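Here the structure is a predicted model, which is why all the values come from computation and not from measurement. All values below come from the heavy atoms of this structure, side chains included, with hydrogens, waters and symmetry mates left out.
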Amino acid sequence: MRELSLHILDLVQNSIEAHATQVALTIIENSKDNLFSICICDNGGGMDKELLQQVFDPFVTTRTTRRIGLGLPLFQMSAKRCGGYLKIESEPGVGTKVEAVYQYHHIDRPPLGKICETIRLIMIANPELDFSYTHFVETASFSISTREVTAILGDIPLSHPDVIIWLTNFLTDRFTNLYGGVCDENH
């Protein structure tokens with residue numbers, strides 16, 4: 001995948017398919033320590049030790065719609081290619097934590113991509129999911145959660161056109177502020 005946000009979308013979808021009701025995404029960008037970290041934690045069904053040992057094999061998947069699962073192997077390959085690693089902790093009935101770490105300055109590190117669109121899509125398409133997103137860039141940070149937004153909205157659904165417009169503008173403004181007023185790390 002060309003953008004890290006697509007890996008994030010894939011992993012959140014995995015969490016949803018594992019019956020997670022809570023998913024927390026944390027992104028840490030620290031150029032001084034040469035660190036770019038993505039961590040996704042859920043309270044889904046989790047994996048037993050046997051499945052956990054095979055999870056990077058593309059021919060091992062719990063999906064019934066196809067016989068291969070390339071998301072985690074590709075994410076791991078991407079992190080390793082950039083001097084990092086991908087680590088998974090999981091326990092049946094407890095949940096799963098996936099952490100991908102990249103060297104921030106590595107020339108092959110994929111861009112984060114359209115993270116605002118990814119976050120908006122996750123929130124709007126899964127209003128029943130308690131999703132939280134926290135993003136650190138150096139000393140600045142930003143966070144939002146579905147629970148906070150739905151508490152403010154009351155009976156108004158996240159899919160209401162006015163809410164979608166507000167959410168788009170809110171995410172874009174907060175994300176831009178993380179980078180000191182520029183669109184992202186590259187602009």
Side-chain angles (χ1 to χ4, degrees), residues 1-30 35-49 51-58 60-63 69-104 109-137 141-150 158 167 171 174-175 178 184-185:
M1 294 183 209
R2 292 182 175 188
E3 298 178 354
L4 295 172
S5 63
L6 297 176
H7 285 291
I8 291 168
L9 187 61
D10 182 57
L11 289 176
V12 171
Q13 184 61 37
N14 286 350
S15 296
I16 292 168
E17 290 178 9
H19 308 291
T21 58
Q22 298 174 339
V23 176
L25 165 64
T26 304
I27 299 173
I28 299 171
E29 298 184 50
N30 186 327
L35 172 75
F36 192 108
S37 169
I38 298 170
C39 184
I40 299 174
C41 296
D42 71 44
N43 69 343
M47 294 177 274
D48 60 28
K49 288 183 180 181
L51 182 58
L52 194 56
Q53 290 175 346
Q54 300 173 340
V55 77
F56 294 113
D57 182 341
V60 174
T61 181
T62 58
R63 291 185 178 171
L70 294 173
L72 283 172
L74 289 175
F75 202 17
Q76 181 189 43
M77 184 177 68
S78 171
K80 283 184 172 180
R81 186 179 61 225
C82 299
Y85 61 88
L86 188 137
K87 182 172 70 176
I88 299 178
E89 299 171 12
S90 188
E91 187 174 332
V94 176
T96 301
K97 175 182 176 183
V98 177
E99 181 183 26
V101 175
Y102 291 76
Q103 287 183 2
Y104 185 90
R109 181 177 59 81
L112 182 55
K114 298 176 181 175
I115 192 68
C116 292
E117 292 179 22
T118 299
I119 300 305
R120 186 188 65 201
L121 176 64
I122 292 169
M123 293 177 77
I124 292 170
N126 305 286
E128 71 289 342
L129 181 68
D130 185 2
F131 175 75
S132 66
Y133 162 59
T134 305
H135 195 143
F136 296 90
V137 176
S141 67
F142 160 63
S143 65
I144 188 171
S145 75
T146 304
R147 187 174 354 117
E148 293 170 338
V149 175
T150 55
L158 285 167
L167 190 57
L171 289 169
R174 295 302 186 267
F175 188 75
L178 281 177
D184 58 39
E185 63 183 328

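Here the straight-line distance linking atom CZ of Phe136 with atom CD of Glu29 works out to 12.0 Å at 0.5 Å rounding. The CD atom of Gln13 sits 8.0 Å away from the CG atom of Asp10 when rounded to the nearest 0.5 Å. Rounding to the nearest 0.5 Å places CG of Asp48 at 9.0 Å from CD of Gln53. Residue Ile40 holds its CD1 atom at 8.0 Å from CD1 of Ile27, rounded to the nearest 0.5 Å. How far CZ of Arg120 is from CG of Leu167: 7.5 Å, rounded to the nearest 0.5 Å. Distance OG1/Thr150 to CG/Leu158: 6.5 Å, rounded to 0.5 Å.
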Donor-acceptor pairs under 3.5 angstrom involving side-chain atoms of residues 79-90: please list them, not counting sequence neighbours.
unit_1	atom_1	unit_2	atom_2	d
Ser90	OG	Met47	N	2.7
Ser90	OG	Gly95	O	3.3
Ser90	OG	Thr96	OG1	2.8

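In terms of the side-chain contact (heavy atoms from CB on, under 4.5 Å) criterion, residue partners of Leu6 (sequence neighbours excluded) are, by chain and number, Met1, Glu3. Contacts of Tyr133 classified as ring pair (Phe, Tyr, Trp, His ring centres under 6.0 Å), with partners at least two apart in sequence or in another chain: His135, Phe142. Residues satisfying the side-chain contact (heavy atoms from CB on, under 4.5 Å) test with Glu148, not counting sequence neighbours, are Ser145. When the side-chain contact (heavy atoms from CB on, under 4.5 Å) test is applied to Leu9, the partners found at least two apart in sequence or on another chain are Thr118, Leu121, Ile122. In this structure, the salt bridge (charged side-chain N to carboxylate O under 4.0 Å, His left out) partners of Asp130, at least two apart in sequence or on a different chain, are Arg147.
Side-chain atoms of Ser37 and Tyr102 include no donor-acceptor pair closer than 3.5 Å.
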| message | Run Phe131 and Asn126 through side chain to side chain contact (heavy atoms under 4.5 Å, CB included) and show every step you take. | response | CA-CA 9 Å; Phe131 175 75; Asn126 305 286; over 6 Å; no
| field | Val101 vs Ile38, side chain to side chain contact (heavy atoms under 4.5 Å, CB included): CA-CA, chis, key distance, verdict | value | CA-CA 6 Å; Val101 175; Ile38 298 170; over 6 Å; no
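Ser5 places a side-chain N or O within 3.5 Å of a backbone atom of Leu112 that can act as its donor or acceptor partner. Side-chain atoms of Ser15 come within 3.5 Å of backbone atoms of Leu11 as a donor-acceptor pair (strictly under, hydrogens ignored).
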